[in-house]
Amino acid sequence: MAEYGDADREPARADGPDVVAGRIADAVDSLTGLWAAAASRASVRLSPHQLRAMRALEDLPGTNLTALAERLDAGLPSVSRLCDRLEAAGLVVRDAAPHNRREVELRLTTHGRHVLAEVARLRNRALAEVLRAMDPDALDALDRSLRAFAEVQKNLPPTK
C-alpha cells in the first residue's frame, strides 16, 4: 500500500558524483582486463606500454622521443628502449627529422598500423559480446550517458 505523499516524491536519483566516479573507475579496470585479454590474442603480442606508445604514434605521427615520453608520462631512457623493441619488431620506424638531422621522428610502419587495427577489432569484438548480453534499455541508457559524459568532458578545461 502506498504511503501518503508517495506521488509527490522525487524519483530516486543516482548516487553522488564521487560514488559514480568509483563505479566508472571499476568499469575502466574491468575494460582494461577485457582489452588486455583481447590484445593478447593478436598476431603480435604487445605489452600495455607498447600498445599505448603505438596508439600515441598513431595519433601523433612523426613525433620525437621527448614528446612521446611526455605523452606517456615516462622517462626518456625507458621510452627509447621501448621504441628500440618496437623498431626491432618492425612496428615502428625512426627517421631523421627533415628540419634537424639530430632529431629523430617516430612513425608506425604499415605492419604496425595493421597490428593496431587487429587489436582494435579484437577489443571491439570482446566489448560487443558483453554489450550484446545487456538489456536493450540498459544499453540505450549507457549509450546516452556516455554521449552526455563525452560532451561535458569535451567542454571542460584541460587538467594537468
Side-chain angles (χ1 to χ4, degrees), residues 1-83 85-86 89 91-92 106-108 112-160:
M1 176 174 217
E3 301 227 358
Y4 176 77
D6 279 356
D8 296 329
R9 286 190 187 166
E10 295 267 333
R13 297 266 180 210
D15 291 321
D18 292 336
V19 172
V20 175
R23 289 184 188 135
I24 291 171
D26 290 345
V28 168
D29 287 344
S30 177
L31 283 170
T32 301
L34 180 77
W35 288 348
S40 73
R41 293 190 299 272
S43 59
V44 175
R45 293 189 63 154
L46 299 170
S47 74
H49 297 297
Q50 290 172 321
L51 192 55
R52 280 188 64 224
M54 289 178 64
R55 299 272 322 256
L57 293 175
E58 182 180 45
D59 291 344
L60 301 167
T63 195
N64 63 29
L65 278 170
T66 302
L68 181 60
E70 288 173 6
R71 173 88 180 254
L72 299 176
D73 194 26
L76 192 56
S78 296
V79 172
S80 182
R81 287 189 301 275
L82 177 69
C83 288
R85 290 189 297 277
L86 291 171
L91 302 169
V92 169
L106 302 162
R107 286 184 172 57
L108 292 176
R113 286 191 300 277
H114 287 217
V115 169
L116 271 185
E118 178 188 12
V119 169
R121 280 191 308 276
L122 290 167
R123 286 178 164 187
N124 287 345
R125 274 190 217 140
L127 185 54
E129 186 177 323
V130 173
L131 295 174
R132 276 192 289 279
M134 288 180 68
D135 173 76
D137 290 338
L139 181 60
D140 187 50
L142 175 63
D143 184 46
R144 284 192 319 273
S145 297
L146 289 172
R147 288 172 191 261
F149 177 89
E151 186 63 30
V152 169
Q153 197 259 340
K154 175 176 73 173
N155 294 315
L156 289 176
T159 58
K160 263 284 184 177

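The minimum heavy-atom distance between Thr63 and Ala67, with the atom names listed, is OG1-CB, 3.1 Å. What you find for Ser80 and Leu65 is that their closest heavy atoms are CA-CD2, 4.0 Å. Of all the heavy atoms in Ala42 and Val119, the pair that sits closest is CB-CG2, 3.8 Å. The shortest non-hydrogen separation linking Leu46 to Leu51 is CD1-CD1, 3.8 Å. Taking all atoms of both residues into account, the shortest heavy-atom contact from Val79 to Ala74 is CG2-CB, 3.7 Å.
By the side-chain hydrogen bond (donor to acceptor under 3.5 Å, both in side chains) test, Arg45 is found to be paired with no residue, residues two or more places apart in sequence or in another chain being considered.
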Item to check | Arg71 vs Asp59, side chain to side chain contact (heavy atoms under 4.5 Å, CB included): CA-CA, chis, key distance, verdict | outcome: CA-CA 11 Å; Arg71 173 88 180 254; Asp59 291 344; 3.0 Å; yes

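Using a cutoff of 4.0 Å between basic side-chain nitrogens and carboxylate oxygens, Arg144 and Asp140 are scored as salt-bridged.
At most 12 non-hydrogen atoms from other residues, nucleotides or ligands lie less than 6.0 angstrom from CG of Asp73.
Contact of the Arg55 side chain with the Arg52 side chain is not registered, since no non-hydrogen atoms from C-beta on lie closer than 4.5 Å. Between Leu86 and Leu106, every side-chain heavy-atom pair lies at or beyond the 4.5 Å cut-off. Two residues are said to be in side-chain contact when any heavy atoms from C-beta on lie closer than 4.5 Å; Leu108 and Val92 meet this criterion. Put simply, the side chain of Gln50 reaches to within 4.5 Å of the side chain of Leu82, judged on heavy atoms.
In this structure, Arg81 CZ and Leu76 CG are separated by 10.0 Å, a value rounded to the nearest 0.5 Å. Atom CG in Leu72 sits 10.5 Å away from atom OG in Ser78 (nearest 0.5 Å). Between the CE atom of Met54 and the CG atom of Leu116 there is a distance of 4.0 Å, given to the nearest 0.5 Å. Note that the CD atom of Gln153 and the CG atom of Asn155 stand 9.5 Å from one another [nearest 0.5 Å].
Residue pairs satisfying the side chain to side chain donor-acceptor pair (under 3.5 Å) criterion with at least one member in residues 115-137, sequence neighbours excluded, are listed as follows: Ser43-Glu118.
Between the Thr32 side chain and the Val28 main chain, a donor and an acceptor come within less than 3.5 Å of each other.
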